Structures are given as C-alpha cells and as structure tokens.
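Worksheet for the structure shown next.
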Amino acid sequence: MEYIFSEIEKKWQEYWRENHTFKVTEDPSKPKYYVLDMFPYPSGAGLHVGHPLGYIASDIYSRFKKLKGFNVLHPMGYDAFGLPAEQYAIQTGQHPSITTENNIRRYREQMDKIGFSYDWSREVRTCDPDYYKWTQWVFIQLFRHWFNNRSGKAEPIEALVWEFEKNGNSNVDAAQDSCEKFSAAQWEKMSEKDQQLVLLKYRLAYLADTMVNWCPKLGTVLANDEVKDGYSERGGYPVEQKEMKQWLLRVTAYADRLVDGLDKLEWNDSLKEMQRNWIGRSEGAVIRFNLYPSAGTPEDTPIIEVFTTRPDTIFGCTYMVLAPEHELVEKITTPQYKNQVRSYLEETKKRTERERMADTKTITGQFTGAHAKHPFSDEKLPVWISDYVLAGYGTGAIMAVPAHDGRDYAFAKHFDLPVREVVSGGDISQGSYDAKSGILINSEFLNGLEVEGAIKKAIAELEKCGNGYKKINYRLRDAIFSRQRYWGEPFPVYYKDGIPYVLDEDELPLVLPEVESYLPTQKGEPPLGRAKNWNTPEGYPLELSTMPGFAGSSAYYLRYMDPDNDQELVSKKANRYWENVDLYIGGTEHATGHLIYSRFWNKFLYDTGVVCKDEPFKKLVNQGMIQGRSNFVYRIKGSNKFVSHRLKDSYNVTPLHVDVNIVHNDILDIESFRKWNPEYSDAEFILEEDGTYRCGYAVEKMSKSLYNVVNPDEIIEQYGADTLRLYEMFLGPLEQSKPWDTNGIEGVYKFLRKLWKLFFNEKNELDISDEKPTTGELKILHKTIKKIEEDIERLSLNTSVSAFMICVNELGAMKCNKREILSRLVVIVSPFAPHISEELWQLLGNNPSVTGASFPEVNPVFLSDDTIQYPVSFNGKTRLKIDFPADYEKEDIEKELLKNENVLKYLKDGTPRKIIVVKGRIVNIVV
RNA sequence: GCGGAUGUGGCGGAAUUGGUAGACGCGCUAGACUUAGGAUCUAGUGCCGCAAGGCGUGGGGGUUCGAGUCCCUUCAUCCGCACCA
C-alpha cells in the first residue's frame, strides 16, 4: 500500500465530520481544558501559509490534552463585522453580509483541509443577531452600572440613585467625570432630564463630548489603538482631532485592576510590558499653585493644578508651563503678552498632531506674563505655555524642574531660565539629573532625605497645607465606543428628549436594519440615518452609530462555552465548568486593543456575577509572523535578457520579483516564467554553468505585490495537510518570526513516508509483528514519548518534530515493525499528523478513532542505560569519550581513568592537578 | 530617548538545570541503482590546515575545573511606546 495522502486525508476528514468526533459537552467526570485561537476576520484574500501557524499549534495542544484525559474545549468562529466588507459594499453595492458570508465559506474550506479538531457546533459569528444580542446585552449592563472606587468594583446604578436620594453625592467616590456636589434635596428637585444627565456621568457606558480621532476618509472615529502615527491602522488614512458626542466605555475605572491582574497571568513579559505602558500608571501628586495677581487679570486669580511624579523636586521648580490648549491660558495672560500668546497659539494650531509628535527637537514656547506662587517658598514663578506639555495628560500643566527633567532642562536653557539643583548626584552644568536617587539639597525641610523619603515627606507637607495631594495618574483613556459606520452592532439605545435610554433586555437583539446605501446621509449622519423606521415602537429615535470592532470580540470566548443559550450570555453551569481560557494563542497585534478590552469586559462581568473568573486568558502565547521569502530575477537594463544570480554582478541589472511558485530551490522554471507574464514570453537567459537559472532571494513581508504568497491549499495539494502541519511546526519556535521557505518541506514529507514504511514490507504489504519488542526498541520509544510530552507542554513543537524524525530513523534502521511499538508511536504522532495516524491506527486493527486513545505512559526503566559514555576533556577541551558502567561512582571513574592509555597519552608525563567527575555527565582533567 | 526581544554553519534551527556546540531538516559533494529524473538509497559536510593541530555561538572583558548558557561592557537587527511630567 502506498501512502496516498489525498485519499487518506479526505477519508478521515469525512469520518470526523460524520461522527462528530470533536463535539464536546460539559463532563464533570473529566478535568476541563480550554484552548482558544484568536478568531479571524475573514478577509477576501483567504488564508496564506502564515495564518494557520497558531491554529496548528493550538490544535496539537488540544489533541494532546484530549489524549491526556482532559475534556477539551477547542472552538472557532469569526470576527465578522468590520471595515473591509463595508468599504467593498460602498464600492460595489453588495451587502456586507454577502461578502462576509462568502469569505467565511472560503476560510472554512481552507481550515477544514488542514484537519483541525474544532468543535464547529459551537461556532460564533459576531455579525449574527443571535450572537450580537449578547454584545448589546453587555452594553446595557455597562450602562446600568457605575464604578465604586471604595469597593473597587462595578455596582448597579439603582444603588447609586438610592444613595443620591438619601445623601446626595457627597459620600460617593466613583470613577466618573467631574460632577458637582449636590445634596439629597437638590437631587429631588432635579428634573428627570437633569437626573439622567447626572447619572450619565457615572455610568460605565456613557455619552460625552470628547476629543476624538476622526478619520474623514473612513467617515468615522477610531479608538487610540486603531490609530498608528496619526494614520488609521486600516487603510492608512489621515486622522485628525475633533470634538464629538460619543459613547465611551469607562475602561479607566479598571486601570488599577488591569495593571495588577497582569502579575498573575502567564503571558510573556513583552506583552505584559506593552499593556503596562498602554495603561501607563504613574504615582505622584497633584500640586496647586496660586497665581500672583497681576494688572489686567481678574481679581479671583485662578489656581494652576499640576501633576508630578517627582514632588520631592518641588524646590527645584523655577517656572511653570501650560499646554497651549489649557483652559486657563486665556484667563491668565496679561494684556502686555496677549498678542505674543495669541500668535503662538495660532502657530501651534497650524501644526498637526503628527508634526508635533514627529518634531520633538524644536523648542518653542511663550511667556504669559503671569506668575505663580511657590506653595512653600512663595517664590514668583513665571508661567509659560509650550507644546511640549500635552493637554491630554495629567492636568495639562507642569511645574518645571530643569535640574531634574531633560525636557525642562532643554527648555530652560533655550529661554535662559534658572536651573536649581535639588537632588545631588549629577552635574547640572552639563545636563539634567533625572535619576530617582540621591540626597535632597537646597530644599528646606527636605534637605538630607533620599528621593524616596522626600517624595513621601513632600506629599505629607502638601496635604498638611492644603496645596496638594497624592494622586495616581493613567495614560489610558476611556474607550470611544461609537463608529459612524453601517457594518457593526447597533446600539440598544434610543433618545427621549435628547437623553439616551437603553432598551429592555427582552427587546434584544436590535437587528441591523437594511439601508439602500452605505454612505453617510446628506446631513452627515451615519449610514443608519438612511434606515426606514429606525425608531422604537413608541416612536423614539434609535442611536445611529454602531459599535466598534472590539465590541464583538470582547466576550466571544464566553459565548463558546454556551453558544446556543438564548436566555443568558453564558449559563452559570457552563461558565463554572469551563471557567476561562487556559491557553490562548494569537498575534501580538492585539496587545493593546482586544486584550485590554476583553480583560475589562471580563472584569466587569465578574463584578456583576455573570462569570466566575476575573481574568479571561490564563496563559497567552503570541505566535511569530511568517515572513515571505521572495525570489528575484535580474534583467539586464534596456533588454529582455535575464542573467542568473551568480553572474549578475558583471552586468547592469534590475532585480525583479518573480512568483515564488515557479521557482524551486531557487532555480527558475523557465517555461513557467515565460507563461507567467506575456512580457517575458520571448525572454532570453544567461544561465549558470550547469544550465540552470538561479534566482536571488530576500526575506520580506508576505504580500501579493511581492509575489511571495504561499497558500496552504497549494501545499496540501502537493504534500498533504499532515506535511503542512508538521512543516509549519518544524520551521522554528512558535513565538519567533521566521521566513516561509517551501524548499525545506521535502524533509518532513520524507519523514511521513518513512513512518508509513515501518508498517509495510518490501512488497508493500502490511506487515506488523506481534513479537515482544527488544529493549533497544523500547528505549527508543520511551525516550521519544518523554520528549514529546515535555515538548508539547512547553509548546516547543519544532523540537518534537525532530524527535519524531530521530525515532523513526532509528526504528527504521532496526526494521522495527512490532505492534507494541508502532501503536504507541502512532498515538504520540497523532496530534501533529492526525490523518496518517488515524489511517495507521486503523491498519493496526484498532477501532477508530485514535483521538479516543490515551497518551502512552513513560516507563522510566527504559530511559536509563547500563553504560554511560563520558566525554573526557582536558582543561575544558573534549578529547575522548570513554564508556563507564552507569553505577560507577566518582572514585571508580577516577581510578579507571588513570589506567587508560589514551588518557595517559594526553597527560604526557605530568600528573593531573585535579580531576572533576560529574556523575552521569562529564569528566574534566586539569593538567 | 525609554522598554522588550533576538544575534549560533551556505539556510531554518537544536543544546530544558553552567557539563560532548552545531541535534533534526534543507542545501551542497561523492557514490549506488537506474526507463539520466525536481525519484530512492549510502557516505560525507562548522571554519582554517596535506596533516598533526588550531579556531569557533555578533565584538571586548570577567567569574568558573568547565560559559552559547552567569556577570560587566559594547555593537547590530526587529518590535512596542514615545515631549506621559
């Protein structure tokens, strides 16, 4: 029998489908394990060879866990709302659901061919009303909750109303926008509308005027993580700042828990660090500076509040700076400086956000004429404005300490402002001393203290005199949740008298309406403005925005636990059983978007008792990117003549990308090349001595335009899915980026055929022996079982593939065809190459399927050898290898060594100064 | 600038705790069988050298009987953040 992968793979994929092999249900008799892939956005281009890398790894892990006796949840679905389908709809008029449906079908076909063990009965699609009903449901819950800073968790808004009725809001410590204090009596007197406006400031999903990232080309706002360097991540269009009324989610309320929670997670350090940076918690103090009254400014001079992480350097403050956008700028500028300030403001406004970010070297600023009063020394501090201070961070104002902050130093030098050293340890004539260590000087009551102590003391003194307080500040902003687009979840929100109200849960799902065009209306409303009867039954208008991409992906892992439940997002029973994701595999591009938002949603759902775990993803692994390996041909300039790689340097050539699919081992298939592009049909070639045309290569992004895209379908067509799976793993460590080079695939293909051949004799007949295996055979087997088990556990799947190769090579050399050996080998291979394993498992006479087998136990008896080969080194350099019985002690070995003539040869005449014997490992002789 | 990661043959990579550097595979070289083929099998393959031997994990230094692995320093590449007070 030949190894005909196409028949075998088809056969078993059908078997799995017909027998629902991968369907799982909650089974309390078994321990659970939840393995999740980041679900894909089904794009029109289909999967290339890089996409399934993570899916294959997680599939191997899932199949392995199942063999180890776990009840494994391993689902897949689609992140199906999104911009590309909608952009396509705008261009062609085709409804995005059709595009999406087609793309999903293609993805599914491609995935099915790879032989994944997904339980497709649990599939979710974010654009399915039965699914987004629950996205809308969570939104309603967010709307109905506020965050109590005292308890550190979300609480129902009713409780807040009750407190307002009893005591007003003075005892409430909530995560919220600034809200004026009111008493119970004042609350009672407010109109329904005013009460709602107050509550809106407390809700976890709230409507507010905010500066947003507006992308005119896409006609929508974007979240911070969807903007890269001032351009939209999708499409690369310019993004500008604009004030708009938008829905926001109060992620900032959870900032602390999001940072602290990271410590308990098994995520890699760089990812945790990215999240910490994104959240950007810094501990410091808010300090209030009174202004000295100056001629021409109002009597009730305002107070400037600054945020600083270095309150210890307060006596080093020699001036102050406000962001140009700061609300006090207008108020405090003295008449004398009005004109200069105005022209400075105009100039900064002209520079785009991007220019301001890119150009950090040019120092600009303008004195306002105002002076602030130092809270301790009463010193007069000039107040400047400059765009090096950001309006969006802290309070938009700083106390400048040029001696201990690089930017302040540069500014002070530029405008010739005083620099006063207050922490010893640096040389302030050369530059600022920013380090957080040293002894305080020139600082009155702080003198002599270390920085750490001085920070505490300074805050205590500020609090005592009422000029400041301790404060933790975050870089993280609340997430803007409105998109002025069509292809997304409609908000379950209607407006009464301009005030937003949410629908009742039993009115869900609020289904996305049909529109005749996907463009904004003439009034500039989002596309939903075109929908007919977009009102509640009572006639109240519904929200016109839709939700962003991260809405549907924020709780999808919960829905897989209980996908058909139409009463709850997830039942308590299912959630208690599956708890949370044990292993999550996906790309690093979601580090600050999806992975923050879903942690936030999960924590909220945990607070409200919907889920039992406060973190969604216990262990997370980022698979590396698969890069393309491009091939080049070299055309002699001004001709249609191509010169081979090694000869190209003697000609004046232009390198041109050539389709990697018509190049094998860097040798060009000239016939295919001629057919590839009519332009080359009569091309001429200057060949190598051996008559071949050699191409050059480079590692680049895998992209259509570079002709280096390799599709899994083509590989499967040629080598089969098992080979694809093995080769993707064999390429290198899962987390590392590496180039795809189809050239190497023959190696794993040969391995599979060698494995197959172990079962057949020379005449190609099935030939399995029931004889007892030899110790040698058992040693090979058990060594491999141990290695594979350890490798899979730490996701070192590239090394398991080589372990299999070694094992099969060794068994092949022994012509081993013992059932006891082969049947266990098939089981351990099955997570990697499931199709061939199923076939061999059946040929061994077992009932299908191998997925029901158990992972074989390692017998330690077969792991140890009677003799150990010791490498013997002299002064650390290995010279010879000598066998000693495994039970020999150090002394025995030493004795024998000195008798060994080879050793004596290396010793020459001298006696060894020292002999180091590490039992079972090595001998080192010092001479 | 800050933070993180990575540097090992012609190539992808291995070496899990400081203990034989280069496993496994590709490629290459030679040979065998051959309906000269992008098939299969066998042997070889880090570098220098005819050899003995020497050198070798980005560079330099250190700790150690012994360093790819630990420490210091430096360079390069990639990724993230970036005037964050």
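What you are looking at is a predicted structure, and each value in this text was computed from that prediction instead of being measured. Throughout, protein chains are lettered first and strands after them, A, B, ... in sequence-line order, and every chain is numbered starting at 1.
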Would you check if there is a donor-acceptor pair between the side chains of Glu305(A) and Thr395(A) at a distance under 3.5 Å?
->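 No.
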Is it true that the side chains of Thr252(A) and Asp478(A) contain a donor and an acceptor less than 3.5 Å apart?
->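 Yes, Asp478(A) and Thr252(A) have a side-chain donor paired with an acceptor closer than 3.5 Å.
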Do [X] and [Y] sit within salt-bridge range, that is, some charged N less than 4.0 Å from a carboxylate O?
X	Y	value
Asp669(A)	Lys675(A)	no
Lys786(A)	Glu790(A)	yes
Arg276(A)	Asp269(A)	no

Got a sec: does the [atom1] of [X] have more than 12 other heavy atoms crowding it under 6.0 Å?
X	atom1	answer
Lys919(A)	NZ	yes
Lys779(A)	NZ	yes
Glu589(A)	CD	yes

Using atom [atom1] of each nucleotide, how far apart are [N] and [M] to the nearest Å?
N	M	atom1	result
rA85(B)	rG4(B)	C1'	23 Å
rG19(B)	rA67(B)	C1'	10 Å
rA82(B)	rU69(B)	P	35 Å
rG10(B)	rC47(B)	C1'	12 Å
rU45(B)	rC26(B)	P	16 Å
rC72(B)	rC28(B)	C1'	41 Å
rA76(B)	rU64(B)	C1'	29 Å
rG68(B)	rG58(B)	C1'	12 Å

Please report, rounded to the nearest Å, how far the [atom2] atom of [N] is from the [atom1] atom of [X].
X	N	atom1	atom2	result
Lys750(A)	rC26(B)	NZ	P	4 Å
Ile922(A)	rA21(B)	CD1	C1'	12 Å
Arg694(A)	rC28(B)	CZ	C1'	10 Å
Met625(A)	rC78(B)	CE	P	13 Å
Glu746(A)	rU40(B)	CD	C1'	12 Å
Asn268(A)	rA5(B)	CG	P	9 Å
Phe411(A)	rA85(B)	CZ	P	18 Å
Met805(A)	rA23(B)	CE	P	14 Å

Contact nearer the 5' end of RNA chain B, comparing Arg629(A) with Asn924(A) |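 Upstream on the strand: Arg629(A).
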Starting at the 5' end of RNA chain B, which residue's closest nucleotide do you reach first, Trp278(A) or Thr308(A)?
->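 Its nearest nucleotide lies further toward 5', so the answer is Trp278(A).
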Got a donor-acceptor pair under 3.5 Å from the side chain of Lys787(A) to the base of rU16(B)?
->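 A donor-acceptor contact between them is present.
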Are OP1 or OP2 of [N] and a side-chain N or O of [X] less than 4.0 angstrom apart?
X	N	answer
Gln869(A)	rU20(B)	no
Arg753(A)	rU40(B)	yes
Asn743(A)	rG12(B)	no
Thr588(A)	rG80(B)	no
Arg475(A)	rA82(B)	yes

Pair assignment for [N], Watson-Crick or G-U wobble, requiring both distances under 3.5 Å:
N	answer
rA39(B)	none
rA14(B)	none
rA21(B)	none
rC70(B)	rG62(B)
rC28(B)	rG44(B)
rU34(B)	none
rU77(B)	rA5(B)
rA51(B)	none

What form does the base of rG9(B) take, syn (within 90° of 0) or anti?
->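 Glycosidic conformation of rG9(B): syn.
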Name the orientation of the base relative to the sugar in rA36(B): syn if the glycosidic angle is within 90° of 0, else anti.
->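 Nucleotide rA36(B) adopts syn.
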[X] has a side chain; which of [options] sits nearest to it?
X	options	value
Lys914(A)	rG12(B), rC65(B), rA14(B)	rC65(B)
Thr799(A)	rU16(B), rG13(B), rA14(B)	rA14(B)
Asp387(A)	rG19(B), rC83(B), rU16(B)	rC83(B)

Base, sugar-phosphate alone, or nothing: which one does [X] contact when heavy atoms must sit under 4.0 Å apart?
X	result
Ser802(A)	base
Arg276(A)	nothing
Asn809(A)	sugar-phosphate
Ile806(A)	sugar-phosphate
Val918(A)	base

side-chain contact (heavy atoms from CB on, under 4.5 Å), paired with Asn631(A), selected from Val663(A), Ile667(A), Asn708(A), Ile662(A) =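 For Asn631(A), the side-chain contact (heavy atoms from CB on, under 4.5 Å) test succeeds with only one of Val663(A), Ile667(A), Asn708(A), Ile662(A), which is Val663(A).
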